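Below is one structure; the comments refer to it alone.
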Amino acid sequence: MSKLKSIFEKIKSIKHIHIYIALLIGIVICVIYFSGFASSKHKPDNTDNNSTENYGTSVEYIDYLENKLSNVLSKVSGVGKVEVIITLESGFSYEYATDTETKTMISGGTETTVTTETLILVSNEPVIEKEIYPKIKGVIVVAEGAKEVSVRLNILTAVETVLEVDRNNVTILT
């Protein structure tokens, strides 16, 4: 007990001990925070994320959009039972990272410029620089409550807003 008391007295006699303790607590908090943050980045995320990691194909992407839109529209007052069909103009497309090299050669008084583009590969896979989502071609909404003009207008506005599609490409049926 006396050893513990003597250790406590030695610690207490250190000048500005409260600053050292605060600094130590801050470091411990930072380590805990950032280690938890880093590990959470590697955990699968179950939030709604529009990424082709979630949609391996255009069909999966359409299913996701149709289900999401059906759920939202069914909560709108007066809509009732609802079904949605979405068509796409094409599938996903990608822009790949390339390395561009330009060489200028002078031969016989004429200057020739040759540009070569090489696809950048990592582990024999092309590096995707940009992912382009398919453009929505058209939407059909079948809703019980679409007989009323106000409900039909609410459905149209919701589809235009959520899918960023022109109203001419949306058909609402009862």
Side-chain angles (χ1 to χ4, degrees), residues 26-103 113-174:
I27 290 172
V28 169
I29 290 172
C30 285
V31 167
I32 291 170
Y33 174 76
F34 287 114
S35 67
F37 179 72
S39 66
S40 71
K41 285 173 65 176
H42 299 290
K43 292 179 184 174
D45 189 10
N46 292 332
T47 59
D48 292 335
N49 184 359
N50 290 345
S51 166
T52 54
E53 292 174 16
N54 295 336
Y55 322 111
T57 65
S58 296
V59 173
E60 291 174 357
Y61 180 61
I62 289 172
D63 285 343
Y64 169 79
L65 290 176
E66 289 173 348
N67 289 332
K68 191 78 168 179
L69 190 57
S70 292
N71 288 337
V72 168
L73 291 176
S74 67
K75 294 176 184 170
V76 174
S77 177
V79 171
K81 188 176 177 185
V82 66
E83 286 191 45
V84 176
I85 297 174
I86 297 174
T87 57
L88 302 176
E89 285 187 3
S90 63
F92 287 98
S93 58
Y94 305 95
E95 289 181 11
Y96 297 101
T98 57
D99 184 27
T100 305
E101 185 179 335
T102 304
K103 292 182 183 178
T113 304
V114 177
T115 304
T116 13
E117 278 193 40
T118 309
L119 193 62
I120 298 174
L121 302 174
V122 174
S123 303
N124 282 339
E125 293 290 324
V127 176
I128 296 173
E129 200 169 74
K130 185 177 179 184
E131 179 180 51
I132 303 164
Y133 280 84
K135 187 172 184 219
I136 295 173
K137 186 176 182 178
V139 181
I140 296 176
V141 178
V142 180
E144 288 177 343
K147 294 173 188 156
E148 293 184 39
V149 176
S150 62
V151 173
R152 187 179 285 261
L153 187 59
N154 286 339
I155 292 171
L156 183 61
T157 304
V159 171
E160 283 180 303
T161 303
V162 171
L163 299 178
E164 296 179 7
V165 65
D166 187 65
R167 69 178 43 218
N168 296 330
N169 297 333
V170 179
T171 302
I172 302 170
L173 305 170
T174 56

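Every heavy atom of this structure was used, including side-chain atoms; hydrogens, water molecules and symmetry mates were not. Bear in mind the structure is a predicted one, so any value in this text is a computation, not a measurement.
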Under a 3.5 Å distance rule, please check whether [X] uses its side chain to pair with a backbone N or O of [Y] as donor and acceptor.
X	Y	answer
R152	I172	yes
E66	I86	yes
E144	G80	no
N169	V165	no
T87	G138	yes

What distance separates [X] [atom1] from [Y] [atom2], expressed to the nearest 0.5 Å?
X	Y	atom1	atom2	value
L163	D166	CG	CG	12.5 Å
F92	I132	CZ	CD1	11.5 Å
N168	E160	CG	CD	9.0 Å
S90	K135	OG	NZ	10.0 Å
T116	K103	OG1	NZ	6.5 Å
D99	L121	CG	CG	11.5 Å

If you apply the rule side-chain contact (heavy atoms from CB on, under 4.5 Å), what do you find for L65 with N67, and how did you get there? CA-CA 6 Å; L65 290 176; N67 289 332; over 6 Å; no
side-chain contact (heavy atoms from CB on, under 4.5 Å) between V84 and V139, intermediate numbers included: CA-CA 7 Å; V84 176; V139 181; 4.1 Å; yes
Determine the minimum heavy-atom distance between E117 and T100, stating which atoms define it.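 Residues E117 and T100, closest heavy atoms: CG-OG1, 3.6 Å.
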Test V82 against N71 for side-chain contact (heavy atoms from CB on, under 4.5 Å), laying out the working first. CA-CA 8 Å; V82 66; N71 288 337; over 6 Å; no
